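Chain letters run A, B, ... following the sequence lines, proteins first, then strands; residues in each count from 1. Computed from a predicted structure; not experimentally measured.
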2 protein chains.
Amino acid sequence: MTVDREQVLRTAAALLSRRATATMDEVARAAGIGRATLHRHFAGRDALVRALEQLGIAECEAAVAVARLDEGSAEDALRRLVAGFEPVAGLLSFLVTENQLFEDGELNEGWARLDARISALFRRGQERGEFRIDLTPAWLTEALYGLVGTCAWCAQDGRVAAKDFQYMITELLLGGARRSVEP
Amino acid sequence: MTVDREQVLRTAAALLSRRATATMDEVARAAGIGRATLHRHFAGRDALVRALEQLGIAECEAAVAVARLDEGSAEDALRRLVAGFEPVAGLLSFLVTENQLFEDGELNEGWARLDARISALFRRGQERGEFRIDLTPAWLTEALYGLVGTCAWCAQDGRVAAKDFQYMITELLLGGARRSVEP
DNA sequence: TACTTATGAGACACACATGTCTCATTCCGA
DNA sequence: TCGGAATGAGACATGTGTGTCTCATAAGTA
């Protein structure tokens with residue numbers, strides 16, 4: 001009888017990732033509950049979005065933790081990170097767009113933590129001599145988010161193959177489009 | 001007395017690029033005209049957005065034309081293209097987001113033309129041996145859009161330096177983050 | 001079984017953006 | 001100077017999403 005909050009959040013994430021303008025009613029129906037019940041668990045749309053934000057941050061931080069960003073080469077760590085981001089990509093792009101829309105300025109501290117972790121990875125790669133130093137860690141971090149979001153959206157629309165998610169992002173981010181060697 | 005439609009569109013583009021949820025009233029005020037007048041020139045919000053879409057496409061196609069994508073090396077052509085995209089970046093990211101939001105499916109044929117042109121550039125680069133062939137032209141094209149949008153948004157928020165717009169995008173897109181050579 | 005609790009369905013008011021209309025005013029051209 | 005045209009301001013109706021409330025019902029518990 002009691003609503004599974006986690007399951008509701010995941011359903012909402014899946015729906016809103018596809019259609020950011022979905023109604024509270026649609027969210028409720030998608031989760032198989034009534035609109036009133038949805039309101040009992042999340043005071044309003046803002047509260048729902050903020051809960052999704054917490055979920056997104058938590059999943060990203062989990063991905064960061066699993067990726068062990070400070071072990072081994074920075075390149076391998078980045079590959080692990082992108083792999084961990086794949087399941088969250090849709091939610092991530094939704095939240096990024098949502099943040100752009102409502103410029104409250106008050107970006108969650110969770111994002112700041114995440115940015116710091118990922119920036120640190122790129123910085124580590126620079127210090128190890130793996131990554132070039134003329135592109136700032138901040139830009140590389142944002143570029144990673146951008147590519148993840150773009151790829152998620154493209155894959156959803158079928159413009160690119162979803163199975164190549166990790167490959168496309170890591171290869172482009174690490175090596176770029178230029179052909180560097182051979183024949 | 002007569003309203004300068006072009007100027008209204010540019011003002012709207014500037015405003016909506018920053019705040020995609022801006023009201024018709026806000027758009028009118030920003031353009032220095034009354035809401036009624038705005039409605040006289042653009043039947044509704046949809047019409048306004050579609051007009052902005054036309055403007056964005058036109059400017060992008062102009063940038064494509066100026067960049068002479070089929071002249072010289074593909075790499076240089078891409079640099080010219082990114083340079084031409086810089087002034088349109090804000091509008092471009094707004095339109096991309098707008099398209100994501102309302103999945104009418106009916107994407108303007110103008111975008112298809114643009115995609116085709118840019119994809120052709122990447123394909124030409126592959127055929128010339130400049131670009132790697134394991135990343136599809138379609139993905140490279142979308143990645144370009146994504147990076148342009150991400151960079152525009154970051155620059156607006158001051159997270160990266162706006163003056164490095166072209167450099168950050170072209171260097172990342174062409175060479176990637178990996179350090180390939182020297183000491 | 002009886003009681004408590006959570007839920008679903010629906011009604012309701014509210015806020016807000018939108019679109020339309022009117023009317024006085026201003027601008028431009030004849 | 002005069003008259004037509006465009007504009008600005010505001011009023012008005014509308015649609016829609018939202019938030020709150022009530023009440024009957026189902027689920028879980030003692």
Side-chain angles (χ1 to χ4, degrees), chain A residues 1-56 91 94-95 97-106, chain B residues 1-56 91 93-106:
Chain A
M1 181 185 196
T2 301
V3 162
D4 181 355
R5 180 188 163 99
E6 186 75 7
Q7 182 265 338
V8 171
L9 270 181
R10 297 199 177 278
T11 307
L15 174 59
L16 291 174
S17 295
R18 276 181 291 116
R19 295 201 309 117
T21 57
T23 298
M24 289 292 278
D25 189 72
E26 292 177 289
V27 172
R29 300 295 165 173
I33 64 177
R35 195 164 67 94
T37 305
L38 181 60
H39 271 86
R40 284 187 192 104
H41 287 265
F42 304 97
R45 192 187 180 80
D46 286 356
L48 177 63
V49 171
R50 234 166 310 172
L52 284 175
E53 200 170 26
Q54 295 304 324
L55 177 66
L91 178 57
F94 162 71
L95 293 175
T97 302
E98 198 74 5
N99 274 342
Q100 282 184 263
L101 255 50
F102 307 110
E103 30 53 281
D104 354 18
E106 43 131 338
Chain B
M1 181 187 199
T2 300
V3 161
D4 181 354
R5 179 186 163 102
E6 187 77 6
Q7 181 266 337
V8 171
L9 269 182
R10 296 198 178 279
T11 307
L15 174 59
L16 291 174
S17 295
R18 275 180 292 116
R19 295 201 308 116
T21 57
T23 299
M24 289 293 277
D25 188 71
E26 293 178 287
V27 172
R29 301 293 166 174
I33 63 177
R35 196 164 67 95
T37 305
L38 181 60
H39 270 87
R40 283 186 193 103
H41 287 265
F42 304 96
R45 192 188 179 81
D46 286 355
L48 177 63
V49 171
R50 234 165 311 171
L52 283 175
E53 199 171 27
Q54 295 304 324
L55 177 65
L91 178 57
S93 70
F94 162 71
L95 293 174
V96 167
T97 302
E98 198 73 5
N99 274 343
Q100 284 183 261
L101 254 49
F102 308 111
E103 31 51 281
D104 354 18
E106 43 130 337

[X] has an atom [atom1]; how far is it from atom [atom2] of [N], in whole Å?
| X | N | atom1 | atom2 | answer |
| --- | --- | --- | --- | --- |
| A:L48 | D:dG19 | CG | C1' | 14 Å |
| A:R35 | D:dT18 | CZ | P | 8 Å |
| B:D25 | D:dC12 | CG | C1' | 16 Å |
| A:R19 | D:dG17 | CZ | P | 10 Å |
| A:D46 | D:dT18 | CG | P | 10 Å |

Checklist entry - So, the side chain of B:S17 versus the backbone of B:L91: is there a donor-acceptor pair under 3.5 Å, distance only? => result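 Judged by distance alone, yes, a pair lies under 3.5 Å.
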Checklist entry - For A:L95, does its backbone N or O pair with a side-chain atom of A:E98 as donor and acceptor, under 3.5 Å? => result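 Here the side-chain-to-backbone pair does not exist.
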Next on the checklist: Quick check: on DNA chain C, is the nucleotide nearest B:T2 upstream (toward 5') of the one nearest B:R45, or the reverse? Name the residue that is more 5'.
Outcome noted: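 Nearest nucleotide further toward 5': that of B:R45.
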Item to check | Given DNA chain D, 5'-ward residue of the pair A:R40 and A:M24, judged by closest heavy atom | outcome: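 Upstream on the strand: A:M24.
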Item to check | 5' to 3' contact window, DNA chain C with chain A (heavy-atom distance under 4.0 Å) | outcome: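 Reading along DNA chain C, I get C:dT5 to C:dA11.
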Item to check | Identified salt bridge (Lys or Arg N to Asp or Glu O under 4.0 Å) partner of B:E26 from the options B:R45, B:R35, B:R19 | outcome: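 With B:E26 as partner, B:R45, B:R35, B:R19 yield a single salt bridge (Lys or Arg N to Asp or Glu O under 4.0 Å), made by B:R19.
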Checklist entry - Which pair of non-hydrogen atoms, one from A:I33 and one from A:V8, has the smallest distance, and what is that distance? => result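 Shortest heavy-atom separation between A:I33 and A:V8 comes out as CD1-CG2, 4.1 Å.
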Next on the checklist: So B:R18 and B:F94, do their side chains get closer than 4.5 Å, heavy atoms only?
Outcome noted: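 No, their side chains stay 4.5 Å or more apart.
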Checklist entry - Do A:N99 and A:E53 come close enough that some side-chain heavy atom pair is under 4.5 Å? => result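 Side chain of A:N99 against side chain of A:E53, heavy atoms only: contact under 4.5 Å found.
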